[in-house]
Amino acid sequence: MITEPALQRREEMLALLDAWVACGWLRALDRALAGFFLELDPDASPLLLLAAALASHQLGQGHVCLDLAATLDNPDFALSLPPEGEAADAGWLPSQLLAGVSLAAWQAALAASPLVADAGGDTATPLVLDGERLYLRRYWRYEQSVASALAARLRREPPLPDALAARLDRLFPDPLVVAGERLTDWQKLACALAVRGNFALITGGPGTGKTTTVVRLLALLQESAGERPLRIRLAAPTGKAAARLTESIGGQVASLPVSEAVRAQIPSEVTTLHRLLGSLPASRHFRHHAGNPLPLDVLVVDEASMIDLEMMACLLAALPPHARLILLGDKDQLASVEAGALLGDLCRDAERGRYDPALVDWLEQVSGESVCDPALVPGHADRHPLAQRTLMLRYSRRFGSGSGIGRLARAVNEQDAATARAILAEAGEDLHLRRLRGEQDSGLDSLLRRGRGQARGYGHYLAVMTAARPAADCPPEDPAWEHWAAQVLAAFDEFRLLCAVRKGPWGVEGLNLRIAALLHRQGLLEGDQGWYEGRPVLVTRNDYSLGLMNGDIGIALRLPDEPGRPVLRVAFPRNDGSGGLKFILPSRLGAVETVFAMTVHKSQGSEFAHTALILPETLNPVLTKELLYTGITRARHWFSLVESRPSVFDEAVKRRVERRSGLLAGLQGEA
Ligand SMILES: Nc1ncnc2c1ncn2[C@@H]1O[C@H](COP(=O)(O)OP(=O)(O)OP(=O)(O)O)[C@@H](O)[C@H]1O
């Protein structure tokens, strides 16, 4: 029985939504949408207004739809409300509000509105109710188009290269032997699996050889291409990720055991997806689309966990049907900040394989490897078509069995809080646990400035800035200035503090103020307000006129201008594979924020020699094992966990992101 006034009267519901906006639980945009829908349908049920606002709010949380059943099961968690542990008084929490509402009642209230159609119904309604999932129509359309484009791609089987087994043996000459034990070489299997179709998904944790595998796969494809070389393009969702891949691919191509002619036809330049598709200023549309497809035969996209649903829909639409698409990524990382946890959805079966026995036979025959792992379960090509094109790499060369970071990441990923805690307690060279005694604990300041042992803190890049600065009379056009700026940027990437949240003393905003003030107080920075030399900034919105992308990081440095006077400019990597920099006047930068500390979300696609992750005092919905795993695996050599209250880490390990989408239901046989 519904007794809550907000569920009985529309005005009360809008007032409640207003209260949620006032305390930051909903975006004004979500509330405005409910108001707009009430104008369109003055008889709309309060439950529809609530669902519309929450569906919009879910987009902001990365979910493409509102899952009604999951929301009713655990409303506050499902909706990430209240955010970041804020317990402001906003009247009713969703859990209180929805306590007496059944799934059937909610579905009936939605279905009764002319604003809602079911999946096969009226194509003009702004909302789509697909079973238990409510979508804003645009996102439903994206999901449908991704599902049907992938299904079509999964059905295509290009001809196999001749002498495949011999080619594979040449590219993978050495059996994988670790500590005297012969292990399955999943890289070789991935290569074999990927040549079979026009779509392949290769997932694996850090250092499992995704790049190595794809470079050998490209060599194999190019070698067997015949007269006309394949047009291959490489892309990544962000400039930073593209720059990283450019770096690692270059070296790998050089050492390929193939002819010089084949090597020359494998690109090492990696572009961003936006640049590949051709962004159009102030528009969601791209220059390349179904009517103007991309001129390529093979597309590799790295860091695929960062691709959101809308981008994937655009990408698939612009890809010519004959082209091969190969996605690489780590399925266990946090999904894109935008709506759509695509890679996680698509890799649902990656761990278990679900390979058809006929595929297993073929793979074993062609590769000489045995497809075996305790996690594997058999599958069926018709029921699990996506699984037949998905492969998980299972052996990390970066984080071997002795690596504390690797063991911690694995325990977190397996949601084994007790083991994770034991690994942290052992600590060791690469792992460090720092428990804070209150907000002002000076141990934190010391970690942030000096780091620990060989692991750097922020003092390092500032020391490089001072020590490596060219002489004051060095002419402005001298390359020494750019070289210096590149050194400072590289030194800055030696250390990063990652936060789970934005607000509060352990959030990005508070910590950035604290760190700037600390470094200023200690004489390492000339200021801590506005623009000052050494200020690191993060671009928060794409700026095509400046060639800057959301996520780019620069540092303000004093450089000489034409008459030789020092002027503050912000040095950014060009992120175009050239290794060059660009220098921009601070006054031209609109959407930037200081970035000593950054959120784990924003750190995706980056790695730092020393990474410190600081957790807040209270648990909140963003704290999940995916967030911890992503934070830990940003560390190349050293990882420090900073705890303000111990139980938060353990609780977060036990929670996982619940992905809300119907993508798999849309892929034939994958429901
Ligand atoms: N089959 C192999 N033989 C020898 N070395 C390898 C092999 N596979 C990977 N490596 C080495 O292991 C390291 C990690 O490999 P790679 O960069 O391909 O992994 P990745 O999964 O792409 O890593 P990341 O997650 O950092 O992007 C590299 O130094 C690479 O040279």
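Excluded from the calculations below are hydrogen atoms, water molecules and symmetry mates; all remaining heavy atoms, backbone and side chain alike, are included. Quantities reported herein were computed from a predicted structural model and do not represent experimental measurements. In listed order, ligands and their atoms are each counted from 1.
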What protein heavy atom sits nearest [atom], and how far away is it?
atom                    : value
atom 27 (O) of ligand 1 : R244 NH2, 3.4 Å
atom 17 (O) of ligand 1 : T211 OG1, 3.9 Å
atom 26 (O) of ligand 1 : R398 NH2, 2.8 Å
atom 19 (O) of ligand 1 : G209 N, 3.0 Å
atom 1 (N) of ligand 1  : Q187 OE1, 2.8 Å

Open item on the list: I'd like to check which ligand 1 atoms, numbered from 1 as shown, lie under 4.0 Å from a non-hydrogen atom of P206.
Closed with: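 Counting from 1, the qualifying ligand atoms are 25 (O).
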
- [ ] Considering the heavy atoms of E607, write down every atom of ligand 1 situated less than 4.0 Å from one of them.
- [x]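 Those atoms are 26 (O).
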
TODO: Indicate whether any N or O donor in one side chain lies under 3.5 Å from an N or O acceptor in the other, for Q333 and T630.
DONE: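 Checked: Q333/T630 side chains show no N/O donor-acceptor pair below 3.5 Å.
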
Task: No-hydrogen, no-angle side-chain donor-acceptor test under 3.5 Å, D297 and H322 - done: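 A pair is found: one side chain offers a donor N or O, the other an acceptor, under 3.5 Å apart.
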
Open item on the list: Under 4.0 Å and counting heavy atoms only, is there anything from the protein next to atom 15 (O) of ligand 1?
Closed with: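 True for atom 15 (O) of ligand 1.
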
Check whether [X] reaches the backbone of [Y] with its side chain - one donor and one acceptor, N or O, closer than 3.5 Å.
X    : Y    : result
R656 : T624 : no
R421 : D416 : no
R634 : F608 : no

TODO: Decide yes or no for V258 and R216: does some side-chain heavy atom of the first lie under 4.5 Å from some side-chain heavy atom of the second?
DONE: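 Heavy-atom side-chain distance check fails, nothing below 4.5 Å.
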
- [ ] Would you please classify the geometry between the F596 ring and the F492 ring as parallel, tilted or perpendicular, with 30° and 60° separating the classes?
- [x]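 It falls in the perpendicular class, over 60°.
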
TODO: Work out whether the distance between some heavy atom of G207 and some atom of ligand 1 is less than 4.0 Å.
DONE: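 It does, in that a heavy atom of G207 comes within the 4.0 Å cut-off of ligand 1.
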
Task: Selected option - heavy-atom contact closest to atom 3 (N) of ligand 1, from R397, K210, Q252, Q333 - done: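 Closest candidate by heavy-atom distance is R397.
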
TODO: Kindly identify the option in D302, T212, V215 whose heavy atom sits closest to atom 9 (C) of ligand 1.
DONE: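 That would be T212.
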
- [ ] Could you tell me whether some N/O pair between S248 and ligand 1 is separated by less than 3.5 angstrom?
- [x]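 No - when backbone and side-chain N and O of S248 are compared with those of ligand 1, no distance drops under 3.5 Å.
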
- [ ] Run the salt-bridge test on R263 and E260 with the 4.0 Å N-O cut-off and return the result as yes or no.
- [x]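 Here R263 pairs with E260 in a salt bridge, since their nearest N and O are under 4.0 Å apart.
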
